[in-house]
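Since the structure comes first, as structure tokens, the remarks are kept for the end.
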There are 2 protein chains.
Amino acid sequence: MSAVSDLASHTGYLLRMVSNAVSQRFARKLAGEDVTVAEWAMLRSLYGSGAIAPSALAEKMGMTKGAISKLADRLHEKGLISRTGNPEDRRGHSLSLSTAGAMKVPLLAGFADDNDAAFFAVLSAEEHERLRDLLRTLIVKNGLSTVPVD
Amino acid sequence: MSAVSDLASHTGYLLRMVSNAVSQRFARKLAGEDVTVAEWAMLRSLYGSGAIAPSALAEKMGMTKGAISKLADRLHEKGLISRTGNPEDRRGHSLSLSTAGAMKVPLLAGFADDNDAAFFAVLSAEEHERLRDLLRTLIVKNGLSTVPVD
DNA sequence: GATGTAAAGTTGACAAGGAAACTTTTCTAT
DNA sequence: ATAGAAAAGTTTCCTTGTCAACTTTACATC
């Protein structure tokens, strides 16, 4: 066998392809709600964490501070999150869901459930859970997120 | 249990997080070669397919025609692929690796191997293969690529 | 053979995220 | 006290990719 045939099995390549497809389909489902996939991810994280500093959120979500900053801007603009100054350290502040944001999460979570169900329906329940487990393992053991898994 | 606790297990969310991390690390490894992750993916696809029309490549790679068009521009600019006109149908043309491009693939494949090995080292060989299988299944059964799996 | 439709590519506008430079505020040593 | 280092966020620049509009060429049907 040639060195080339091994090209076929790069996991990163497969991962990128599947992830893109899932996000893309989800984006279409979210379009009517005026929320993007990235925005949903942040709302979702905030729902689980309560008030949190942008830097901590970046750690948790596996993104850079810069990306979080811009994302928070957009969500603040849309009135879905609020920013609260910290009197003890004026460098920072904290982010949390606004009332409107909190009300919207369950609806969006429903869309996410639907999307997951549709895309992963081709796997058995066991396979689906196995996939989640493997992904969680990769996240934890590669230090992609500070929180256990979320 | 609340409806909220289920937020924790959206597979699309985990997938996005892992995929971003893998691509990002790979991008850093490729930086010195003046090739991006997307460019590598295209070179890799061309290596396996021989001359192919942009639209067919889009199907195969799970990307839009527009993305392929721009990607091909960049790779052509870098001299890694060549464009060949089709006399029978002047709307289209075909893409293939240039000599320089073909020579570069094995080197890049080595980087990809290294990257895979480093990132997925936290899984056992069985787990890693299982993950690949699950991803291939998702690709095939969701019609993400025209080719069997590649 | 003219007209309408489909197909192949390209392009422009926009969203997304990383990297690095920069500002402001806080902490640490001396 | 004060200089220097570190930390928190923001902003700029750059790359990538989608979507939709558009151009060109081919095909079909009448």
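Values in this document were obtained by computation on a predicted structure and should not be read as measured data. Atom set for the values below is all heavy atoms of this structure, side chains included, hydrogens, waters and symmetry mates excluded.
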Most 5' of N20(B) and D89(A) on DNA chain C, judged by nearest nucleotide:
N20(B)

Would you kindly compare G92(B) and E39(A) by the position of their nearest DNA chain C nucleotide and give the one closer to the 5′ end?
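In this pair, the answer is G92(B).
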
Spacing between [X] atom [atom1] and [N] atom [atom2], to the nearest angstrom:
X	N	atom1	atom2	value
R74(B)	dT11(C)	CZ	P	13 Å
R25(B)	dG17(C)	CZ	P	18 Å
L30(A)	dA15(C)	CG	P	15 Å
L71(A)	dT11(D)	CG	C1'	16 Å
M63(B)	dG9(C)	CE	P	15 Å
M42(A)	dA15(C)	CE	C1'	15 Å
E77(B)	dT10(C)	CD	C1'	15 Å
F26(B)	dT15(D)	CZ	C1'	16 Å

Output yes when D133(B) and R136(B) qualify as a salt bridge under the 4.0 Å nitrogen-oxygen rule, no when they do not.
yes

Of the nucleotides [options], which one has an atom closest to the side chain of [X]?
X	options	answer
Q24(A)	dC19(D), dT11(C), dG9(C)	dC19(D)
A67(A)	dT11(C), dT11(D), dG18(C)	dG18(C)
R91(A)	dA8(D), dT11(D), dT18(D)	dA8(D)
R28(B)	dG18(C), dG17(D), dA19(C)	dA19(C)
S55(A)	dC19(D), dG9(D), dG9(C)	dG9(D)

With heavy atoms under 4.0 Å as the rule, sort A27(B) into base, sugar-phosphate or nothing.
nothing

Would you mind classifying the nucleic acid contact of G66(A) as base, sugar-phosphate or nothing, using non-hydrogen atoms under 4.0 angstrom?
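Base contact - G66(A) has a heavy atom under 4.0 Å of at least one base atom.
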
Start at the 5' end of DNA chain D and walk down; is the nucleotide closest to K65(A) or to T64(B) reached first?
K65(A)

Using heavy atoms to find the nearest nucleotide of DNA chain D for V37(B) and E88(B) separately, return the residue whose nucleotide is more 5′.
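So the residue in question is V37(B).
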
Phosphate-side-chain proximity, [X] and [N], N/O vs OP1/OP2 below 4.0 Å:
X	N	result
R90(B)	dA26(D)	yes
S69(B)	dT11(C)	no
T36(B)	dT15(D)	no
R83(A)	dT10(D)	yes

Show the nearest heavy-atom pair for residues A112(A) and W40(A), with the distance to one decimal.
CB-CZ2, 3.9 Å

When you compare the side chain of M17(A) with that of L135(B), does any pair of heavy atoms fall below 4.5 Å?
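No, side chains not in contact.
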
Taking the side chain as C-beta and beyond, is there a heavy-atom pair between R83(B) and D73(B) under 4.5 Å?
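A side-chain contact under 4.5 Å exists here.
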
Between the main-chain N or O of L144(A) and the side-chain N or O of N142(A), is there a donor-acceptor pair closer than 3.5 Å?
no

With hydrogens left out and only the distance checked, is there a donor-acceptor pair under 3.5 Å joining K70(A)'s side chain and the base of dG18(C)?
yes

Mind checking whether M103(A) and M42(A) sit in one hydrophobic cluster, side chains of I, L, V, M, F, W, Y counted as touching below 4.5 Å?
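No: no chain of side-chain contacts under 4.5 Å links M103(A) to M42(A).
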
